[in-house]
Peer 1: 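Dumping the structure here so I can ask a few things about it.
Hydrogens, waters and symmetry mates play no part in the numbers below; they use all other heavy atoms, side chains included. All residue numbers refer to positions in the sequence shown, counting from 1.
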Amino acid sequence: MTPSSTTTKENELFFRHWLRKPKEMGSITPSSPFLARAIADVVAARTRPTLVELGGGTGPITQGLLRAGVPSEKLVVIELEPHLHAYMQRRFPNLRVILGDATRLTDILAEHGIDDVGAVVSGIPMVNMPPEFQRAIVSQAFNVLPDDGFLVQYSYSPVPPIKHKALGLEAKRMKYVLRNIPPAAVWRFSRGAEFVPLTVEKAKADAQATAA
């Protein structure tokens, strides 16, 4: 598959999914290579073996991370939508692309023997998400991260896309990418002084309550 045919297929699949479920997609077009590069710059300093991407979609951020030098064996992608998951598996045959729900991240990684996560990158639209779902996803992310780990969330909102203060997190806008449609901000969320660690049991309970 040539780069041009990959881009055409990606755009078609992305747009069809947007027509079916627009609330699940943050934009009508896939993320640009410039946004992918900005995200890669933010996570470049992480030395731990595993980088987790939530919501791989059609793979523009995944491709950007790989092009930026993230080894394929270090990257794990979680995708909820079966059609997008199947496409990602075909596009990245050497990558671990797992069909799963981000609110079950702790269990998913344990089931696949994945640990020592250094950072989590999220492309899941958070701004208009119900608070309980947002809390469940963020809690799961920090449940698998070390004390110095962080969550990277890209968003088209000018304000932090995660209600970080209520979760005891610190937020910092790391990049603003104009060469994206629409322009996007790259946010980094880390544990703050008031962060309350979650036990695995509490994280699972939150995920189960959200799924119910």
Side-chain angles (χ1 to χ4, degrees), residues 1-19 21-22 24-81 83-98 102 117-127 141 150-162 171-189:
M1 188 179 291
T2 65
S4 60
S5 63
T6 298
T7 301
T8 300
K9 180 67 175 177
E10 177 185 328
N11 289 337
E12 290 176 353
L13 181 61
F14 192 97
F15 184 63
R16 287 202 303 271
H17 188 69
W18 181 86
L19 287 175
K21 301 178 180 180
E24 291 184 5
M25 312 299 279
S27 169
I28 196 171
T29 60
S31 302
S32 73
F34 305 102
L35 177 56
R37 176 73 253 185
I39 293 169
D41 288 344
V42 174
V43 301
R46 302 309 297 163
T47 57
R48 289 178 180 268
T50 306
L51 173 64
V52 174
E53 180 187 359
L54 303 178
T58 55
I61 299 301
T62 309
Q63 183 64 58
L65 292 171
L66 294 172
R67 285 179 176 170
V70 176
S72 59
E73 65 272 14
K74 180 178 178 179
L75 183 58
V76 176
V77 181
I78 311 294
E79 175 53 55
L80 176 64
E81 166 58 45
H83 292 92
L84 297 178
H85 170 258
Y87 173 78
M88 288 283 285
Q89 284 192 312
R90 293 193 299 271
R91 183 177 180 185
F92 303 103
N94 298 321
L95 200 64
R96 286 177 292 182
V97 183
I98 301 171
V117 178
V120 174
V121 174
S122 170
I124 300 172
M126 292 280 198
V127 175
F150 54 78
L151 168 66
V152 176
Q153 174 74 44
Y154 57 96
S155 172
Y156 310 109
S157 171
V159 299
I162 293 172
K172 182 177 181 180
R173 193 178 78 177
M174 304 296 291
K175 305 273 186 176
Y176 190 70
V177 183
L178 290 172
R179 299 177 74 178
N180 192 75
I181 301 175
V186 180
W187 293 86
R188 186 185 70 189
F189 296 90

Peer 1: Which heavy atom in L84 sits nearest to a heavy atom in G57, and how many Å separate them?
Peer 2: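 Result for this residue pair: CB-O, 3.6 Å.
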
Peer 1: Kindly write out the residues that satisfy side chain to side chain contact (heavy atoms under 4.5 Å, CB included) with A86, not counting sequence neighbours, or none if the list is empty.
Peer 2: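 With neighbours one apart ignored, the set is R90.
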
Peer 1: Side chains of L51 and V117: closer than 4.5 Å at any heavy-atom pair?
Peer 2: no

Peer 1: Please confirm whether the backbone N or O of V77 pairs with a side-chain atom of E53, one donor and one acceptor, at under 3.5 Å?
Peer 2: no

Peer 1: Looking at residues at least two apart in the chain, or sitting in another chain, which of them share a side chain to side chain contact (heavy atoms under 4.5 Å, CB included) with P71?
Peer 2: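 With sequence neighbours excluded, P71 shows a side chain to side chain contact (heavy atoms under 4.5 Å, CB included) to E73, K74, given in chain and number order.
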
Peer 1: So, do L66 and F92 sit near enough that their side-chain heavy atoms are less than 4.5 Å apart?
Peer 2: yes

Peer 1: Which pair of heavy atoms, one from A171 and one from W187, lies closest together, and at what distance?
Peer 2: CB-CE3, 4.4 Å

Peer 1: When you measure from the side chain of R91 to the backbone N and O of T58, does any donor-acceptor pair fall under 3.5 Å?
Peer 2: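 Checking the backbone N and O of T58 against the side chain of R91, a donor-acceptor pair under 3.5 Å is found.
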
Peer 1: Between I61 and Y154, is there a side-chain heavy-atom distance shorter than 4.5 Å?
Peer 2: yes

Peer 1: Hey, does the side chain of S155 reach the backbone of P161 with a donor-acceptor pair shorter than 3.5 angstrom?
Peer 2: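 Not a single qualifying donor-acceptor pair exists.
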
Peer 1: Side-chain contact, heavy-atom cut-off 4.5 Å: L151 with I162?
Peer 2: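 With C-beta onward as the side chain, the pair touches.
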
Peer 1: Show the atom names and distances, to 0.1 Å, of all donor-acceptor pairs under 3.5 Å that link a side chain in residues 118-126 to residues at least two apart or in another chain.
Peer 2:
from	atom 1	to	atom 2	distance (Å)
S122	OG	I124	N	3.2
S122	OG	Q153	OE1	2.7

Peer 1: Please check this pair: side chain of N180 against backbone of S32, looking for a donor-acceptor N/O pair closer than 3.5 Å.
Peer 2: yes

Peer 1: What are the two closest non-hydrogen atoms of S157 and A185, and how far apart are they?
Peer 2: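 Closest approach of S157 to A185: O-CB, 4.3 Å.
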
Peer 1: How far apart are the closest heavy atoms of G64 and A36, and which atoms are they?
Peer 2: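 Where G64 meets A36 most closely, the heavy atoms are CA-CB, 3.5 Å.
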
Peer 1: If every non-hydrogen atom of L95 is compared with every non-hydrogen atom of S72, which pair is closest and at what distance?
Peer 2: CD1-O, 3.3 Å

Peer 1: Output all residues satisfying side chain to side chain contact (heavy atoms under 4.5 Å, CB included) with Q89, sequence neighbours left out; order by chain, then residue number.
Peer 2: H85, V97

Peer 1: Could you tell me the separation between the CE atom of M88 and the CD atom of E81, rounded to the nearest 0.5 Å?
Peer 2: 12.5 Å

Peer 1: Between CZ of R188 and CZ of R173, what distance do you get to the nearest 0.5 Å?
Peer 2: 14.0 Å

Peer 1: Taking side chain to side chain donor-acceptor pair (under 3.5 Å) as the definition, give me every residue that meets it alongside R96, ordered by chain and number, with sequence neighbours left out.
Peer 2: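 Testing R96 for side chain to side chain donor-acceptor pair (under 3.5 Å), a comparison that skips the adjacent residues, returns none.
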
Peer 1: Hey, could you give me the CZ/CZ distance between R179 and R37, rounded to the nearest 0.5 Å?
Peer 2: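 Nearest 0.5 Å value for the CZ-CZ distance: 13.5 Å.
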
Peer 1: Hey, what do you get for NZ (K175) to CZ (F34), rounding to the nearest 0.5 Å?
Peer 2: 13.5 Å

Peer 1: With heavy-atom distances below 4.5 Å as the criterion, would you say the side chains of D41 and I39 are in contact?
Peer 2: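 A side-chain contact under 4.5 Å is absent here.
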
Peer 1: Determine the minimum heavy-atom distance between F150 and V43, stating which atoms define it.
Peer 2: CE1-CG1, 4.1 Å

Peer 1: Which residues satisfy the side chain to side chain contact (heavy atoms under 4.5 Å, CB included) test with P183, sequence neighbours excluded?
Peer 2: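 So P183 forms a side chain to side chain contact (heavy atoms under 4.5 Å, CB included) with Y176, L178.
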
